[in-house]
Amino acid sequence: MPNSPSDRPRRITVRRRGPLLVEGPVEVELEDGTTVSSDRFRVALCTCRRSRRYPWCDTSHRERR
């Protein structure tokens with residue numbers, strides 16, 4: 001995603017014991033170098049690594065508190 005001076009900053013919302021909420025569209029580079037993308041207006045990124053759809057949150061963090 002190229003940045004230009006007219007682009008506004010992306011907003012990231014941090015939730016305690018929850019995912020990072022990121023205004024989309026987004027591209028996420030994973031540890032192995034692969035890139036996944038979403039064109040949704042907001043995405044939830046998993047921070048607990050329990051998601052079966054990692055890096056996208058599937059609310060698996062709710063099962064183990």
Side-chain angles (χ1 to χ4, degrees):
M1 278 187 248
N3 291 343
S4 71
S6 63
D7 287 345
R8 63 184 180 87
R10 297 279 181 221
R11 178 176 300 263
I12 299 173
T13 305
V14 179
R15 301 281 185 207
R16 179 182 246 177
R17 296 187 207 137
L20 293 175
L21 302 177
V22 183
E23 289 184 2
V26 299
E27 285 184 352
V28 178
E29 184 176 331
L30 302 175
E31 291 172 309
D32 64 1
T34 59
T35 302
V36 293
S37 60
S38 174
D39 60 356
R40 297 185 62 158
F41 71 94
R42 182 177 298 140
V43 296
L45 296 177
C46 177
T47 58
C48 70
R49 293 188 169 256
R50 293 182 186 131
S51 175
R52 289 177 291 279
R53 299 184 57 222
Y54 187 82
W56 316 120
C57 179
D58 66 1
T59 68
S60 293
H61 61 272
R62 293 180 185 168
E63 295 171 12
R64 290 196 220 170
R65 284 220 166 176

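- The OG atom of Ser60 lies 10.0 Å from the CZ atom of Arg53; values are rounded to the nearest 0.5 Å.
- In this structure, Leu21 and Ala44 approach most closely via the heavy-atom pair CD2-CB, 3.8 Å.
- Note that CZ of Arg50 and SG of Cys57 are 10.5 Å apart. Values are rounded to the nearest 0.5 Å.
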Legend entry - Test log, rule side chain to side chain contact (heavy atoms under 4.5 Å, CB included), inputs Thr35 and Leu30: CA-CA 6 Å; Thr35 302; Leu30 302 175; over 6 Å; no

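- In terms of heavy atoms, Asp58 sits closest to Arg52 at OD2-N, 3.0 Å.
- The two residues Glu27 and Ser37 make their nearest non-hydrogen contact at CG-CB, 3.9 Å.
- Residues Leu20 and Phe41 are members of separate hydrophobic clusters, defined by side-chain heavy-atom contacts under 4.5 angstrom among Ile, Leu, Val, Met, Phe, Trp and Tyr.
- Closest approach of Pro55 and Val36 over heavy atoms only: CG-CG2, 3.7 Å.
- In terms of heavy-atom proximity, Trp56 sits nearest to Ser51 at O-OG, 2.6 Å.
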